[in-house]
Undergrad: 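Please see the structure below; I have some questions.
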Amino acid sequence: MQDVASEIARHPHGRVPRALRERQIFELGEELFAERGYAGASMDELARRAGVSKPVIYDLAGSKEELYRACVSRAAQELYERVEAAVIAAPDAAAKARAGGLAFFSFVAEHRRSWEVLFMGDPGRFAADAARIRGRQAELQLRLIGDPDVGLGMQVDPQQADAMVHAVNGAYEALANWWYAHPEVSPEMLVDWLMALILPGIERIASGR
(Lines give C-alpha, C1' and ligand atoms only; values in the text may rest on other atoms or scores of the structure.)
Protein backbone atom coordinates (compact mmCIF):
# COMPACT_ATOMS: atom_id res chain seq x y z
CA MET A 1 0.00 0.00 0.00
CA GLN A 2 2.90 2.35 0.69
CA ASP A 3 4.05 2.03 -2.93
CA VAL A 4 0.62 3.08 -4.19
CA ALA A 5 0.49 6.00 -1.74
CA SER A 6 3.93 7.14 -2.86
CA GLU A 7 2.95 6.99 -6.51
CA ILE A 8 -0.26 8.96 -5.86
CA ALA A 9 1.69 11.60 -3.92
CA ARG A 10 3.77 12.31 -7.02
CA HIS A 11 0.70 13.39 -8.99
CA PRO A 12 -0.95 16.82 -8.69
CA HIS A 13 -4.26 16.85 -6.87
CA GLY A 14 -7.05 15.58 -9.10
CA ARG A 15 -4.70 14.24 -11.78
CA VAL A 16 -4.08 10.73 -10.48
CA PRO A 17 -4.27 8.24 -13.39
CA ARG A 18 -7.41 6.14 -13.31
CA ALA A 19 -5.51 2.82 -13.23
CA LEU A 20 -3.47 3.96 -10.23
CA ARG A 21 -6.55 5.20 -8.38
CA GLU A 22 -8.32 1.89 -9.06
CA ARG A 23 -5.35 0.01 -7.65
CA GLN A 24 -5.48 2.18 -4.53
CA ILE A 25 -9.22 1.63 -4.08
CA PHE A 26 -8.97 -2.15 -4.39
CA GLU A 27 -6.01 -2.40 -2.03
CA LEU A 28 -7.69 -0.18 0.56
CA GLY A 29 -10.91 -2.15 0.08
CA GLU A 30 -9.12 -5.41 0.81
CA GLU A 31 -7.66 -3.89 3.97
CA LEU A 32 -11.04 -2.57 5.09
CA PHE A 33 -12.88 -5.86 4.48
CA ALA A 34 -10.09 -7.72 6.30
CA GLU A 35 -10.44 -5.42 9.31
CA ARG A 36 -14.23 -5.19 9.55
CA GLY A 37 -15.73 -7.93 7.42
CA TYR A 38 -18.31 -7.31 4.72
CA ALA A 39 -21.09 -6.03 6.98
CA GLY A 40 -18.83 -3.70 8.99
CA ALA A 41 -17.09 -2.09 6.02
CA SER A 42 -18.55 1.11 4.59
CA MET A 43 -17.98 3.03 1.40
CA ASP A 44 -17.81 6.22 3.47
CA GLU A 45 -14.81 4.87 5.35
CA LEU A 46 -13.19 3.66 2.14
CA ALA A 47 -13.62 7.12 0.58
CA ARG A 48 -12.10 8.72 3.69
CA ARG A 49 -9.06 6.44 3.58
CA ALA A 50 -8.56 7.03 -0.12
CA GLY A 51 -9.00 10.77 0.19
CA VAL A 52 -11.67 10.90 -2.50
CA SER A 53 -15.43 11.38 -2.65
CA LYS A 54 -17.89 8.49 -2.58
CA PRO A 55 -18.93 9.09 -6.21
CA VAL A 56 -15.33 8.45 -7.19
CA ILE A 57 -15.40 5.12 -5.33
CA TYR A 58 -18.64 4.10 -7.06
CA ASP A 59 -17.30 5.14 -10.45
CA LEU A 60 -14.11 3.09 -10.05
CA ALA A 61 -15.36 0.07 -8.12
CA GLY A 62 -19.13 -0.02 -8.39
CA SER A 63 -21.25 -0.93 -5.37
CA LYS A 64 -19.92 -2.33 -2.10
CA GLU A 65 -20.93 -5.82 -3.22
CA GLU A 66 -19.17 -5.39 -6.57
CA LEU A 67 -16.05 -4.12 -4.81
CA TYR A 68 -16.10 -7.07 -2.44
CA ARG A 69 -16.43 -9.53 -5.31
CA ALA A 70 -13.51 -7.88 -7.08
CA CYS A 71 -11.42 -8.11 -3.92
CA VAL A 72 -12.35 -11.78 -3.58
CA SER A 73 -11.31 -12.39 -7.17
CA ARG A 74 -7.94 -10.76 -6.54
CA ALA A 75 -7.47 -12.83 -3.39
CA ALA A 76 -8.39 -16.04 -5.22
CA GLN A 77 -5.73 -15.34 -7.83
CA GLU A 78 -3.19 -14.68 -5.07
CA LEU A 79 -4.11 -17.99 -3.40
CA TYR A 80 -3.71 -19.83 -6.70
CA GLU A 81 -0.30 -18.30 -7.34
CA ARG A 82 1.00 -18.85 -3.81
CA VAL A 83 0.02 -22.52 -3.67
CA GLU A 84 1.38 -23.13 -7.16
CA ALA A 85 4.72 -21.47 -6.38
CA ALA A 86 5.09 -23.37 -3.11
CA VAL A 87 4.43 -26.73 -4.75
CA ILE A 88 6.73 -26.08 -7.70
CA ALA A 89 9.60 -25.17 -5.36
CA ALA A 90 9.32 -28.33 -3.23
CA PRO A 91 11.49 -31.34 -4.21
CA ASP A 92 9.24 -34.41 -3.93
CA ALA A 93 5.65 -35.62 -3.52
CA ALA A 94 5.57 -35.39 0.29
CA ALA A 95 7.25 -31.99 0.35
CA LYS A 96 4.97 -30.68 -2.41
CA ALA A 97 1.83 -31.78 -0.55
CA ARG A 98 3.05 -30.16 2.65
CA ALA A 99 4.21 -26.95 0.95
CA GLY A 100 0.88 -26.53 -0.82
CA GLY A 101 -1.02 -27.13 2.42
CA LEU A 102 1.07 -24.63 4.34
CA ALA A 103 0.61 -22.01 1.61
CA PHE A 104 -3.17 -22.57 1.76
CA PHE A 105 -3.51 -22.28 5.55
CA SER A 106 -1.14 -19.31 5.71
CA PHE A 107 -3.32 -17.57 3.15
CA VAL A 108 -6.50 -18.32 5.11
CA ALA A 109 -4.83 -16.94 8.25
CA GLU A 110 -4.19 -13.66 6.44
CA HIS A 111 -7.73 -13.46 5.02
CA ARG A 112 -9.88 -14.74 7.90
CA ARG A 113 -12.62 -12.17 7.42
CA SER A 114 -13.01 -12.88 3.72
CA TRP A 115 -13.00 -16.62 4.39
CA GLU A 116 -15.75 -16.18 7.00
CA VAL A 117 -17.96 -14.22 4.62
CA LEU A 118 -17.47 -16.60 1.69
CA PHE A 119 -17.55 -20.01 3.35
CA MET A 120 -19.18 -19.53 6.74
CA GLY A 121 -21.64 -16.68 6.27
CA ASP A 122 -24.79 -16.24 4.20
CA PRO A 123 -24.83 -19.39 2.01
CA GLY A 124 -26.62 -17.62 -0.82
CA ARG A 125 -25.16 -14.16 -1.24
CA PHE A 126 -21.62 -15.14 -2.25
CA ALA A 127 -22.21 -18.79 -3.14
CA ALA A 128 -21.17 -18.26 -6.76
CA ASP A 129 -17.95 -16.55 -5.67
CA ALA A 130 -17.12 -19.42 -3.31
CA ALA A 131 -17.85 -21.90 -6.09
CA ARG A 132 -15.44 -20.09 -8.41
CA ILE A 133 -12.69 -20.27 -5.81
CA ARG A 134 -13.33 -23.98 -5.33
CA GLY A 135 -13.21 -24.43 -9.08
CA ARG A 136 -9.91 -22.58 -9.36
CA GLN A 137 -8.44 -24.69 -6.57
CA ALA A 138 -9.66 -27.89 -8.23
CA GLU A 139 -8.09 -26.77 -11.51
CA LEU A 140 -4.80 -26.12 -9.74
CA GLN A 141 -4.88 -29.44 -7.88
CA LEU A 142 -5.44 -31.33 -11.12
CA ARG A 143 -2.43 -29.58 -12.65
CA LEU A 144 -0.32 -30.37 -9.61
CA ILE A 145 -1.30 -34.04 -9.76
CA GLY A 146 -0.63 -34.63 -13.44
CA ASP A 147 1.92 -32.11 -14.70
CA PRO A 148 5.52 -33.29 -14.06
CA ASP A 149 6.88 -29.79 -14.70
CA VAL A 150 4.67 -28.31 -11.98
CA GLY A 151 3.76 -30.97 -9.46
CA LEU A 152 3.68 -34.70 -8.93
CA GLY A 153 3.45 -36.00 -12.49
CA MET A 154 1.17 -38.83 -11.35
CA GLN A 155 -0.47 -41.11 -13.91
CA VAL A 156 -4.00 -41.24 -12.52
CA ASP A 157 -7.30 -42.08 -14.17
CA PRO A 158 -9.02 -38.72 -14.86
CA GLN A 159 -12.14 -39.68 -12.94
CA GLN A 160 -10.09 -40.86 -9.96
CA ALA A 161 -8.03 -37.65 -10.09
CA ASP A 162 -11.19 -35.55 -10.09
CA ALA A 163 -12.54 -37.49 -7.11
CA MET A 164 -9.21 -37.09 -5.27
CA VAL A 165 -9.18 -33.35 -5.86
CA HIS A 166 -12.70 -32.88 -4.51
CA ALA A 167 -11.97 -35.02 -1.45
CA VAL A 168 -8.73 -33.22 -0.63
CA ASN A 169 -10.11 -29.74 -1.25
CA GLY A 170 -13.15 -30.58 0.85
CA ALA A 171 -10.85 -31.62 3.69
CA TYR A 172 -8.91 -28.38 3.44
CA GLU A 173 -12.05 -26.25 3.46
CA ALA A 174 -13.61 -28.14 6.38
CA LEU A 175 -10.43 -27.86 8.42
CA ALA A 176 -10.13 -24.14 7.65
CA ASN A 177 -13.70 -23.68 8.91
CA TRP A 178 -12.90 -25.67 12.07
CA TRP A 179 -9.80 -23.52 12.53
CA TYR A 180 -11.94 -20.39 12.76
CA ALA A 181 -13.08 -21.54 16.23
CA HIS A 182 -9.57 -22.68 17.20
CA PRO A 183 -7.24 -19.82 16.20
CA GLU A 184 -4.63 -20.95 18.71
CA VAL A 185 -3.67 -23.81 16.38
CA SER A 186 -0.81 -22.85 14.05
CA PRO A 187 -0.89 -23.34 10.26
CA GLU A 188 2.06 -25.73 10.65
CA MET A 189 0.11 -27.88 13.10
CA LEU A 190 -2.91 -28.00 10.80
CA VAL A 191 -0.70 -29.15 7.95
CA ASP A 192 0.89 -31.83 10.17
CA TRP A 193 -2.53 -33.19 11.07
CA LEU A 194 -3.85 -33.13 7.53
CA MET A 195 -0.71 -34.69 6.04
CA ALA A 196 -0.96 -37.54 8.55
CA LEU A 197 -4.43 -38.17 7.17
CA ILE A 198 -3.95 -37.82 3.41
CA LEU A 199 -0.23 -38.22 2.67
CA PRO A 200 -0.17 -42.05 2.87
CA GLY A 201 -2.80 -42.18 0.13
CA ILE A 202 -0.99 -39.63 -2.04
CA GLU A 203 2.30 -41.51 -1.69
CA ARG A 204 0.63 -44.80 -2.53
CA ILE A 205 -0.93 -43.40 -5.69
CA ALA A 206 2.30 -41.63 -6.66
CA SER A 207 4.22 -44.90 -6.39
CA GLY A 208 1.66 -46.73 -8.55
CA ARG A 209 0.74 -49.25 -5.87
Side-chain angles (χ1 to χ4, degrees), residues 1-85 103-141 165-166 169-170 172-181 183 187:
M1 193 61 225
Q2 184 59 44
D3 290 340
V4 175
S6 298
E7 289 183 49
I8 287 177
R10 290 198 291 268
H11 293 275
H13 180 69
R15 298 182 180 274
V16 176
R18 183 181 180 91
L20 180 58
R21 184 67 79 186
E22 284 180 348
R23 182 179 163 199
Q24 178 202 30
I25 296 304
F26 285 120
E27 291 191 7
L28 286 173
E30 288 174 357
E31 289 180 3
L32 186 59
F33 287 128
E35 290 173 15
R36 303 187 180 180
Y38 179 78
S42 74
M43 301 297 261
D44 286 313
E45 175 63 14
L46 179 57
R48 187 192 68 76
R49 294 187 184 191
V52 299
S53 65
K54 268 209 310 187
V56 171
I57 300 291
Y58 288 121
D59 176 57
L60 294 174
S63 66
K64 176 176 155 180
E65 187 166 314
E66 289 172 323
L67 174 63
Y68 185 78
R69 287 200 159 100
C71 290
V72 166
S73 179
R74 285 161 58 96
Q77 181 62 27
E78 179 188 346
L79 173 61
Y80 186 101
E81 292 173 356
R82 283 171 59 169
V83 172
E84 180 185 50
F104 173 84
F105 286 119
S106 296
F107 177 88
V108 172
E110 296 168 17
H111 298 80
R112 283 187 180 273
R113 289 280 196 164
S114 294
W115 185 270
E116 177 188 6
V117 172
L118 281 172
F119 296 102
M120 302 175 66
D122 184 339
R125 185 166 202 166
F126 296 107
D129 303 89
R132 278 194 293 272
I133 291 178
R134 292 187 184 106
R136 286 281 282 163
Q137 286 303 105
E139 173 192 330
L140 175 58
Q141 291 284 354
V165 162
H166 281 78
N169 285 347
Y172 273 108
E173 184 177 326
L175 191 53
N177 290 347
W178 175 89
W179 191 24
Y180 189 81

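Hydrogens, waters and symmetry mates are skipped; everything else that's a heavy atom, side chains included, is used.
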Undergrad: With under 30° as parallel and over 60° as perpendicular, where do the rings of Phe33 and Tyr38 fit, or are they tilted in between?
TA: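 Answer is parallel, since the angle falls under 30°.
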Undergrad: Kindly write out the residues that satisfy salt bridge (Lys or Arg N to Asp or Glu O under 4.0 Å) with Glu66, not counting sequence neighbours, or none if the list is empty.
TA: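 Glu66 satisfies salt bridge (Lys or Arg N to Asp or Glu O under 4.0 Å) with no residue once adjacent residues are dropped.
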Undergrad: Test of understanding: with salt bridge (Lys or Arg N to Asp or Glu O under 4.0 Å), list the residues that count as partners of Arg49, not counting sequence neighbours.
TA: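 In terms of salt bridge (Lys or Arg N to Asp or Glu O under 4.0 Å), with neighbours along the sequence ignored, Arg49 is linked to Glu35, Glu45.
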Undergrad: Pair Glu173, Ile133 - check side-chain contact (heavy atoms from CB on, under 4.5 Å), show working.
TA: CA-CA 11 Å; Glu173 184 177 326; Ile133 291 178; over 6 Å; no
Undergrad: So which atom in Ala75 and which in Phe107 form the shortest heavy-atom distance, rounded to 0.1 Å?
TA: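 Shortest heavy-atom contact: O-CZ, 3.2 Å.
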Undergrad: Measure the spacing between OH of Tyr58 and CD1 of Ile25 and express it to the nearest 0.5 Å.
TA: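 Those atoms lie 12.0 Å apart.
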Undergrad: As an exercise, state the distance from SG of Cys71 to NZ of Lys64, rounded to the nearest 0.5 Å.
TA: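 Cys71 atom SG to Lys64 atom NZ measures 12.0 Å (nearest 0.5 Å).
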Undergrad: So do Leu67 and Met43 actually touch side chain to side chain, heavy atoms under 4.5 Å?
TA: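 Heavy-atom side-chain distance check passes, below 4.5 Å.
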Undergrad: Return the CZ to CZ distance between Arg21 and Phe26, rounded to the nearest 0.5 Å.
TA: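 If I round to the nearest 0.5 Å, the distance is 13.5 Å.
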Undergrad: For residues Gln77 and Glu81, is any side-chain donor paired with an opposing acceptor at under 3.5 Å?
TA: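 There is such a pair (donor and acceptor under 3.5 Å, judged by atom type) between the side chains of Gln77 and Glu81.
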Undergrad: What closest approach, in Å, do Leu46 and Gly29 show between heavy atoms, and which atom pair accounts for it?
TA: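 Looking at all heavy atoms of both residues, the closest pair is CD1-N, 3.7 Å.
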Undergrad: Under a 4.0 Å N-O cut-off, is there an ion pair linking Arg74 with Glu78?
TA: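 No, Arg74 and Glu78 are not salt-bridged.
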Undergrad: Could you please spell out the steps behind the side-chain contact (heavy atoms from CB on, under 4.5 Å) verdict for Phe105 and Leu175?
TA: CA-CA 9 Å; Phe105 286 119; Leu175 191 53; 3.7 Å; yes
Undergrad: Supply the atom-to-atom distance Ser63 OG to Arg69 CZ, rounded to the nearest 0.5 angstrom.
TA: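 Atom-to-atom, Ser63:OG and Arg69:CZ are 8.5 Å apart.
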Undergrad: Starting from the C-alpha separation in whole Å, work towards a yes-or-no answer on side-chain contact (heavy atoms from CB on, under 4.5 Å) for Leu140 and Glu84.
TA: CA-CA 7 Å; Leu140 175 58; Glu84 180 185 50; 3.9 Å; yes
Undergrad: How many angstroms lie between CD1 in Ile57 and CG in Leu28, if you round to the nearest 0.5 Å?
TA: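 So the gap between those two atoms works out to 8.0 Å.
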Undergrad: So, taking the atom named CG in Asn169 and the one named CZ in Arg136, what distance separates them when rounded to the nearest 0.5 Å?
TA: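 Between Asn169 CG and Arg136 CZ, I get 13.0 Å after rounding to 0.5 Å.
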